[in-house]
Amino acid sequence: MAKIKVLDSLIANMIAAGEVVERPSSAVKEFIENSIDAHATRISIEIADGGKTFIKVTDNGDGMEPEDAKNAFLRHATSKIRTKDDLSYIATMGFRGEALASIAAVSKIDLITKREEDISGFHLILEAGKIVLEEEIGAPKGTTITVTDLFYNTPARMKFLKKDATEAAVIRETVEKLILSKPFISFRLLKDGREQLFSAGDGNQLNNIATIYSKEVASNLNEVHYESNGIQIIGFVGNENILRPNRKQQTFFVNDRCVRNKIFYAAVDEAAKEKATVGKYPFVLLNIGVDYDKVDVNVHPTKAEVKFTDERSIYGSICQAVSEAYQVKELVVSAREDYEDRTFSSPQFENKAFSFQIPEKMENEIHRQKESVIFKEENSAPNTLHLTEVSEPFLEADTTEFKAFKPKIREDHRDFVQKVTEHGEEKNEFKIDYRIVGQIFDTYIVIEKEKKMMLLDQHAAHERLNYDKIVENLKNSQTMSSLLLVPYTARLTPAEYECALENLDFFKQCGFDIEDFGNNCILVRAVPFDYERENIQDILIELCDMLDSYKKEPIASKQERALYTIACKKSIKANKKLSILEMEKLVNDVFVLQEKNTCPHGRPLFVTFDQYFIEKQFKRV
Ligand code: ADP
Ligand code: MG
């Protein structure tokens, strides 16, 4: 009878292990959480072979007395429920007292633990959940738990594990999240003897962000501080300089636990919709503090997801918190943006906004296409398109609609146009009758052409041109690579660094010549095309992101994506004022393209409003 009982509990634990301990990182997470619960201020993690053969977590926490240490490995053994009052708090935080039992069932465990008040420590060895050795031992205060050969007795589970580098990367990510959730605890992660991560535990979250992401990220953040209706939100949101093509840089903690929930993303998207561009996401790190009875973490076996009793108020609070954080930055920016600086503004146009209502459907369309347009004019309805920034030099006097402005054509400009047409034979050949009216929102070029008004998205247009040029070069098997006179050192996050090293050949095919420079740095000797130096780091990061997001795609399609990315990075950005020269060059080149009216990502290059449409708005037809 007794024997059957033991077997029962072992099998139960192995089944539980399948739920709780998915992979080495799950064990690491459980151990660290236990150390945190035991009030540790220093936690060190060592792994070998992606954690498959070796995981060791050492803390300076409370430690356990021998009896408790042995009980800790029993199923449903937890020291975290003492009174009945604890129960709701405990239940919601997911203390189920099964982590140690589950991990022990599928591995070999060595535990050394000592409480402050005890003279000596206690040493315990378990195999498949069974104690095989217990003894007194000299030890410092705290607990060291070592796991060797995880899943050694569950070969099916073992087969599911990814290669060492991948498992190690997942562990690093797990530790990163824990560092960010506990800035007052010092963490150290050693991988195969080499230090991968270190946090000082001095509460300096910006330092942690710089270590984990990059210095660049840390210097492009706004602080979030929000409290209302029993919900407290603190953290950081990133500005438009550090947008990413995925949500990897969006991290949420609820009461210090890293969790996911769709409404977090939805709320941030809503609050950041004027900041983000199509397919790009801002950096977000938020710790949401709510009462324990308002949240349930037990909806997911590893507590990775949460449920809220009042989702609406969480959504609203995150929206509010993020918007407020952005507002601060907006003020800083607008304070700097003095009127004189606006290249194309002329005082005589002040307060003479010419605007028309765009039907809602069209407005949505424009909204969908726009890169990052912020309607700055204060007195305007949000769906009003303003032409206040129409530039003086290239307004022609004969347009009835603009008559009120009576602008003069600058002589030097007229000369220039003639010069260009005289010397540019190519241009004459493709001479298309159009007129550049100006640039709006520093993003769209307004063109009048054959009784139509066109808005050209400067970024999408340039991207299309660059992409075609790259592909053309490749077709003619011209080398895309250009050697840098002085090599460039790119500083990456550990994850990006590893990705770059794993894909050296891929980068070579894309025109880069890069090599390992140690310490998360990559030395760049050559770049595709004639890439600007200040963009090299960004392009490397974006390519690593892409490689990571589309891991499973065939190499050819990844290469195509890389070309898009390279073309995109080389292109004129939205929110950039252009000179008349730049606009003319762009518009000319785009009109030569003829049939292609989309950027490589499939977004349109321009939207056209014909005269009939415009006149209809004025009820003239
Ligand atoms: P839970 O954390 O849900 O209570 P675990 O199986 O993770 O369950 O741990 C069982 C018990 O072992 C804990 O309640 C705690 O008392 C003890 N324990 C585990 N790890 C440590 C540690 N690093 N320091 C002190 N006590 C620990
Ligand atoms: Mg635990």
Side-chain angles (χ1 to χ4, degrees), residues 9-10 12-22 24-46 55-83 86-107 109-118 121-126 128-129 131 134 137 139-147 150 174-175 178 181-182 185-188 255-258 292 296-298 300-304:
S9 83
L10 179 62
N13 286 336
M14 284 169 77
I15 291 166
E19 241 188 36
V20 182
V21 198
E22 218 183 327
S25 69
S26 342
V28 170
K29 179 162 176 276
E30 293 291 345
F31 294 153
I32 296 177
E33 283 179 353
N34 282 345
S35 299
I36 293 171
D37 292 340
H39 313 104
T41 57
R42 273 200 319 274
I43 303 172
S44 114
I45 305 104
E46 284 175 67
I55 297 170
K56 180 171 171 182
V57 176
T58 306
D59 70 47
N60 65 346
D62 298 337
M64 289 172 267
E65 60 174 297
E67 209 49 37
D68 284 347
K70 286 196 279 183
N71 286 338
F73 293 95
L74 297 177
R75 196 154 154 77
H76 303 305
T78 177
S79 61
K80 293 160 196 170
I81 300 174
R82 289 201 181 89
T83 69
D86 286 346
L87 214 65
S88 90
Y89 160 78
I90 294 301
T92 52
M93 290 307 283
F95 296 128
R96 299 184 293 189
E98 61 184 13
L100 286 192
S102 306
I103 297 164
V106 293
S107 68
I109 286 198
D110 188 298
L111 176 99
I112 295 173
T113 185
K114 182 188 167 291
R115 298 186 305 170
E116 179 117 71
E117 58 267 45
D118 294 335
F122 181 65
H123 183 200
L124 197 61
I125 297 181
L126 296 98
I131 295 173
E134 51 181 295
I137 199 168
K141 174 198 173 225
T143 302
T144 298
I145 190 156
T146 311
V147 170
L150 188 63
T174 304
V175 178
L178 286 157
S181 79
K182 292 286 175 193
I185 295 179
S186 169
F187 290 89
R188 185 187 302 276
N255 298 338
D256 294 349
R257 271 172 196 273
C258 184
Y292 289 107
D296 181 5
V297 297
N298 278 331
H300 190 270
T302 58
K303 302 165 239 159

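Just follow the structure's listing: the first ligand is 1, and inside any ligand the first atom is 1. This is a predicted model, so every value here is computed, not measured. Atoms considered below: every heavy atom in the structure, side chains included; atoms not considered: hydrogens, waters and symmetry mates.
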Checklist entry - D59: heavy atom below 4.0 Å from ligand 1, yes or no? => result yes
Please list, in number order, the atoms of ligand 1 under 4.0 Å from a heavy atom of [X].
X   : value
M64 : 17 (C), 18 (N), 21 (C), 25 (C), 26 (N), 27 (C)
N34 : 2 (O), 5 (P), 7 (O), 9 (O), 19 (C), 20 (N), 21 (C)
A38 : 24 (N), 25 (C)

Item to check | E30, any N or O under 3.5 Å of ligand 1 N or O | outcome: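 Such a contact does not occur with ligand 1.
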Checklist entry - Considering distance alone, does some N or O of G63 sit under 3.5 Å from an N or O of ligand 1? => result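 No, there is no polar N/O contact under 3.5 Å.
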Please state which part of [X] comes within less than 4.0 Å of ligand 1, counting heavy atoms only: side chain, backbone, both or neither.
X    : result
A99  : both
T143 : side chain
T113 : neither

Rounded to the nearest 0.5 Å, how far does [atom2] of [Y] lie from [atom1] of [X]?
X    : Y    : atom1 : atom2 : value
R188 : R42  : CZ    : CZ    : 9.5 Å
I145 : I55  : CD1   : CD1   : 10.0 Å
F31  : L100 : CZ    : CG    : 6.5 Å

Next on the checklist: Is any side-chain heavy atom of T113 closer than 4.5 Å to one of D68?
Outcome noted: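 D68 does not reach T113 side chain to side chain.
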Next on the checklist: Under the criterion side-chain contact (heavy atoms from CB on, under 4.5 Å), I'd like the reasoning laid out for V21 against E30: C-alpha separation, chi angles, the key distance, then a yes or no.
Outcome noted: CA-CA 9 Å; V21 198; E30 293 291 345; 5.9 Å; no
Next on the checklist: I'd like to check the salt bridge (Lys or Arg N to Asp or Glu O under 4.0 Å) partners of E117; sequence neighbours left out, ordered by chain and number.
Outcome noted: R115
Next on the checklist: Under the rule for salt bridge (Lys or Arg N to Asp or Glu O under 4.0 Å), what residues qualify as partners of D256, not counting sequence neighbours?
Outcome noted: K182
Checklist entry - Heavy-atom distance to atom 12 (O) of ligand 1: which of G142, A101, A72 wins? => result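 Residue with the shortest heavy-atom distance to the ligand atom: A72.
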